[in-house]
Amino acid sequence: MNAVNHADHIPPGRALNILNQPVEVMRGRHGQQRLFGPLPGIRYAGVVAYEFELPDSFEPWPGRTLLERTFVLLDLGVSFANPCWVRYAKPDGAVVDRRAEGNDTWYVDLVTVEHHEARYIFRDLFIDLVVPMDGRHYRMLDLDEFADAIDNGSLSVEQATDALRRWQHFLDRHLHAERAPVENWTDFPPAAILSLLELPPFAEPVRWSD
């Protein structure tokens, strides 16, 4: 399992001393050179949290702002966020409405992770998961896109097998630790992010353009 390229080593016992370590993040899609960022972020042990502001074409859930905070488990290369928005008006006039999902549903993405000193680059690797917190089942998406990327050669067999192993580790560790499904998720949202959930904004927000 090799989610992080050129990762720095954290000696045992020092993980709790690096809270609020500033980092910057670039994000994009697999196979595309264009990246969004740099975005302000914080690293705490094996987690990077970063954030950006959505444009006014998004409507936030009541009581929330348009500042979207995303978390990445570096060892697994898995990114997740509880979206701050309930509706999105697309440029063509179509509207995406998330009321049926609820405001406590998380989106999980398989990603690749590159690390260069204080900069992290995260690229989406197609497979997504929608995880509600009210007892409903999760829903996995875009496995067909993952397969298409293998077929067209943009995703090598080595990359694909590494990604699938990391994804299975995530499912086993955080959703179902036992073979048989249980009533509650095993560790989701992961306890590792709790110290980063309620931090104030990391810096002046960078606005995403739709």
Side-chain angles (χ1 to χ4, degrees), residues 24-41 48-73 77-114 119-155 159-160 163 167 170 175 188-189 193 196-197 201-210:
E24 64 177 24
V25 169
M26 306 291 293
R27 59 177 276 170
R29 291 183 59 84
H30 175 74
Q32 295 182 355
Q33 292 301 313
R34 183 180 180 184
L35 295 171
F36 174 44
L39 307 172
V48 164
Y50 67 93
E51 58 193 15
F52 56 92
E53 187 176 51
L54 294 172
D56 293 336
S57 52
F58 289 81
E59 178 186 341
W61 287 101
R64 298 182 65 177
T65 71
L66 287 174
L67 192 64
E68 184 91 317
R69 184 169 292 182
T70 300
F71 307 87
V72 182
L73 302 177
V78 172
S79 168
F80 49 99
N82 172 217
C84 60
W85 59 276
V86 60
R87 290 184 190 86
Y88 165 48
K90 295 183 177 181
D92 62 4
V95 175
V96 179
D97 192 321
R98 298 187 52 249
R99 284 177 296 177
E101 296 174 12
N103 64 359
D104 200 20
T105 291
W106 291 72
Y107 275 63
V108 184
D109 297 285
L110 180 64
V111 300
T112 58
V113 179
E114 296 176 46
R119 170 172 285 194
Y120 287 84
I121 301 174
F122 303 127
R123 293 183 183 273
D124 181 85
L125 209 52
F126 307 107
I127 300 177
D128 304 316
L129 199 65
V130 181
V131 184
M133 301 301 294
D134 58 6
R136 289 177 291 171
H137 298 291
Y138 64 71
R139 184 183 180 197
M140 199 175 306
L141 304 169
D142 299 333
L143 288 169
D144 54 342
E145 293 185 12
F146 189 87
D148 290 344
I150 299 172
D151 276 345
N152 64 32
S154 64
L155 187 65
Q159 290 172 314
W167 190 244
F170 167 75
L175 296 183
F188 195 89
I193 77 166
L196 298 167
L197 270 173
F202 302 147
E204 186 70 22
V206 176
R207 175 163 282 206
W208 178 69
S209 174
D210 58 355

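Hydrogens, waters and symmetry mates play no part in the numbers below; they use all other heavy atoms, side chains included. Counting from 1, the numbers follow the sequence of the chain as shown.
Of the candidates Tyr50, Tyr120, Phe80, Tyr50 is the only one forming a side-chain contact (heavy atoms from CB on, under 4.5 Å) with Val72.
Ion pairing of Lys90 with Asp92 is absent here, as no side-chain N (NZ or NE/NH1/NH2) approaches a carboxylate O to less than 4.0 Å.
Trp106 and Phe71 have tilted rings, their planes meeting at an angle from 30° to 60° on a 0 to 90° scale.
Between Leu155 atom CG and His30 atom NE2 the span is 4.5 Å, to the nearest 0.5 Å. For the atom pair Trp85 CH2 and Glu68 CD, the distance stands at 9.0 Å (nearest 0.5 Å). The OH atom of Tyr88 lies 5.0 Å from the CZ atom of Phe58; values are rounded to the nearest 0.5 Å.
Residues Glu114 and Arg119 are not in side-chain contact: their nearest non-hydrogen atoms beyond the backbone lie 4.5 Å or more apart. Residues Val113 and Phe122 are in side-chain contact: their nearest non-hydrogen atoms beyond the backbone lie under 4.5 Å apart. Taking 4.5 Å as the limit, some side-chain heavy atom of Arg136 sits within range of a side-chain heavy atom of Thr105. Residues Cys84 and Thr65 form no side-chain contact, since every pair of their non-hydrogen atoms from C-beta on lies 4.5 Å or further apart. Side-chain contact between Thr70 and Arg27: present, with at least one pair of heavy atoms (C-beta onward) separated by less than 4.5 Å.
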**OP:** Assess whether side chain to side chain contact (heavy atoms under 4.5 Å, CB included) is satisfied between Asp134 and Asp104, documenting all intermediate values.
**Re:** CA-CA 8 Å; Asp134 58 6; Asp104 200 20; over 6 Å; no
**OP:** Please assess Phe170 against Val108 for the test side chain to side chain contact (heavy atoms under 4.5 Å, CB included), listing each intermediate value before the final yes or no.
**Re:** CA-CA 10 Å; Phe170 167 75; Val108 184; 3.8 Å; yes
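In this structure a side-chain-to-backbone donor-acceptor pair under 3.5 Å is present from Arg69 to Leu196. Between the side chain of Arg99 and the main chain of Arg87, no donor-acceptor pair closer than 3.5 Å is present. No side-chain donor-acceptor contact under 3.5 Å links Asp109 to the backbone of Leu125.
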